[in-house]
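Working notes, beginning with the structure itself.
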Amino acid sequence: MLRVGLVGIGFMGWIHYLAYRRAKGVKLAAVCSRDARKLAGDWRGIRGNFGPPGEQVDLSKLTKHRALAELLKDPEIDLVDLCLPPDLHCAAAVAALEAGKHVFCEKPIALTVAQADRMLAAARNSGKQLFIAHVLPFLPEYQFAWRAIQSERFGRPLGARFKRIISDPHWLPDFFDPRKVGGPLVDLHIHDAHFIRLAFGQPASVTSRGRWRGAVVEFVETQFGFADPSLIVSAASGVLQQQGRAFTHAFEIYLERATLLFDFAVLEGQPVTLMPLTVLNEKGKAARPKLPAADPVDGFVSEIAEVAQAVKAGRPSALLDGSLARDALALCHQQTESVRRGKTVRV
């Protein structure tokens, strides 16, 4: 049984907590927060852009800590789950790895590539695993697409277009601070950067055009170049002043014998599937694969199962390994540099 200590009880900490209640082969054994009210189980003030609001929870069977250093002294904890603000990821992950714990850290891996490299070095030196919680490949539509690409069920990939756009996140005051959250590329677009890296391999270049807000790119459109010039992949992501649409993500993925379509949005506070996952085949048919019923927490349950399996097997995860997350972060910074310089940047 993998015993976990959860560090940070904000929105993502709440979602991870819900996922651990469903996970098998994993036991949430401890929580860590500087907030005395949350350590007492009052999580009612937690709100986010998906999933249920926070509740009063029973923590009587868990060990409670006010500081990470206290939790790291517990020999019963095998894995530390970090749901902290991005600017705290590096120091906390390195401390946990050096204490002999596996680490499961929310995305982004860090704010800078240098920090990510420090985390990866700590994992290598400790002999422990570093997992970064990029949940997209565990969502049914993206999981279907990834498996189709990996298996070449519909032939080799020819290209793709991705979209991930939010309304202005007034509820997150540090969102546009490159020293705290990182801005739309590092905190939002990084989902698609990770999926592109996972599905198509490492791009050779990025060509980006974007609009700035202070020190970060507010909105970007990017063409990803690959060693194979016939592979055409692009993405649009960022923030628009469109408060009636809090969130949208979508893809079109072009394969030799099929095109995969998906488009989802939150309109006036309500989830709307604008285009269910659809497969356009070479025979002129439009099929809608039957996907497993899922709620917003299910992808996180699958993430935790992947972590548990990788720890048990003693092998890196093909989906959550820290090196993939490091590459995705680097792609985001290279796109920022392309916008700044107004030209293509080699990866």
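- Remark: His189 pairs with Gln335 by the side chain to side chain donor-acceptor pair (under 3.5 Å) rule, at least two apart or across chains.
- Within the model, atoms CG of Asp321 and NE2 of His134 stand 11.0 Å from one another, a figure rounded to the nearest 0.5 Å.
- Separation of the Tyr20 and Phe300 ring centroids does not fall under the 6.0 Å cut-off.
- Residues passing the salt bridge (charged side-chain N to carboxylate O under 4.0 Å, His left out) test with Asp327 are Arg197, sequence neighbours excluded.
- Under the 3.5 Å distance criterion, the side-chain polar atoms of His65 are left unmatched by any main-chain donor or acceptor of Arg34.
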Test side-chain contact (heavy atoms from CB on, under 4.5 Å) on Arg164 and His191; report intermediate values, then the result.
CA-CA 9 Å; Arg164 186 168 306 275; His191 283 292; 3.7 Å; yes

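- Enclosure of atom CZ in Arg179 is not indicated, since only 12 or fewer non-hydrogen atoms of other residues, nucleotides or ligands lie within 6.0 angstrom.
- Going from atom OG of Ser234 over to atom CZ of Phe224 covers 8.5 Å, rounded to the nearest 0.5 Å.
- No single ILVMFWY cluster, assembled from side-chain heavy atoms under 4.5 Å apart, contains both Leu71 and Val26.
- Closest approach of Val113 and Ala330 over heavy atoms only: CG2-CA, 3.8 Å.
- Contact record, Ala318 with Leu198: O-CD1, 3.4 Å, taken as the closest heavy-atom pair.
- Under the 3.5 Å distance criterion, the side-chain polar atoms of Thr273 are left unmatched by any main-chain donor or acceptor of Met275.
- Under the 4.5 Å side-chain criterion, counting only non-hydrogen atoms from C-beta, Arg245 is not in contact with Val266.
- Checked for salt-bridge contact, Lys163 and Asp192 miss the test: no charged N lies under 4.0 Å from a carboxylate O.
- For the pair Thr336 (side chain) and Cys332 (backbone), a donor-acceptor distance under 3.5 Å is present.
- Nearest heavy atoms, Leu329 versus Ala116: CD2-CB, 4.2 Å.
- Lys128 and Leu97 make their closest contact through CB-CD2, 3.9 Å (heavy atoms, listed as atom of the first residue, atom of the second, distance).
- No side-chain heavy atom of Thr222 sits under 4.5 Å from any side-chain heavy atom of Thr207.
- Partners of Asp117 according to the side chain to side chain donor-acceptor pair (under 3.5 Å) rule, which considers only residues two or more places apart in sequence or in another chain, are Arg326.
- Gln202 has its side chain within reach of Val347: a pair of non-hydrogen atoms, C-beta onward, lies under 4.5 Å apart.
- Under the 4.5 Å side-chain contact rule for hydrophobic residues, Val135 and Ile190 do not share a cluster.
- Taking the side chain as every heavy atom from C-beta outward, Val94 and Met119 approach each other to under 4.5 Å.
- Residues Tyr17 and Phe104 share a hydrophobic cluster, clusters being chains of Ile/Leu/Val/Met/Phe/Trp/Tyr side chains in contact below 4.5 Å.
- Looking at every heavy atom in both residues, Val339 comes nearest to Ser208 through CG2-CB, 3.7 Å.
- Both Tyr142 and Phe144 are members of a single hydrophobic cluster when ILVMFWY side chains are connected at heavy-atom separations under 4.5 Å.
- Trp43 places no side-chain N or O within donor-acceptor distance of the main-chain N or O of Ile9, the cut-off being under 3.5 Å.
- Taking 4.5 Å as the limit, every side-chain heavy atom of Val301 sits out of range of all side-chain heavy atoms of Phe138.
- For the pair Leu277 and Leu291, the minimum side-chain heavy-atom distance is below 4.5 Å.
- Ion pairing between a basic and an acidic side chain is recognised when a charged N comes within 4.0 Å of a carboxylate O; Glu218 and Arg211 show such pairing.
- Of the inter-residue distances, the one linking Ile196 atom CD1 with Leu331 atom CG reads 8.0 Å to the nearest 0.5 angstrom.
- A heavy-atom distance below 4.5 Å is not found between the side chains of Phe262 and Ile253.
- Grouping the Ile, Leu, Val, Met, Phe, Trp and Tyr side chains by contacts below 4.5 angstrom, directly or via other members, places Ile46 with Leu6.
- The neighbour count for Lys64 NZ, taken as heavy atoms of other residues, nucleotides or ligands under 6.0 Å away, is above 12.
- Using a cut-off of 4.0 Å between Lys/Arg side-chain N and Asp/Glu carboxylate O, Lys101 and Asp81 are scored as not salt-bridged.
- The CH2 atom of Trp146 sits 9.0 Å away from atom CZ of Phe195, with the distance rounded to the nearest 0.5 Å.
- Shown here for Gly322 and Ile109, the closest heavy-atom pair between the two residues is O-CD1, 3.7 Å.
- Between the side chain of Gln129 and the main chain of Ala310, a donor-acceptor pair closer than 3.5 Å is present.
- In this structure a side-chain-to-backbone donor-acceptor pair under 3.5 Å is missing from Arg153 to Ala148.
- Under 4.0 Å is where a charged nitrogen must lie from a carboxylate oxygen, and between Arg3 and Asp74 no such pair does.
- Between the side chain of Asp42 and the backbone N or O of Arg44 there is at least one donor-acceptor pair closer than 3.5 Å.
- Under the 3.5 Å distance criterion, the side-chain polar atoms of Asn125 are matched with a main-chain donor or acceptor of Ala121.
- In terms of modelled atom types and a separation under 3.5 Å, the side chain of Ser338 and the main chain of Gln334 share no donor-acceptor contact.
- If you take CG on Leu68 and CG on Leu82, they are separated by 7.0 Å, rounding to the nearest 0.5 Å.
- For the pair Leu260/Phe251, a side-chain contact is recorded, criterion being any heavy-atom separation below 4.5 Å from C-beta on.
- Electrostatic pairing of Arg209 and Glu221 does not count as a salt bridge here, judged by no charged N lying under 4.0 Å from a carboxylate O.
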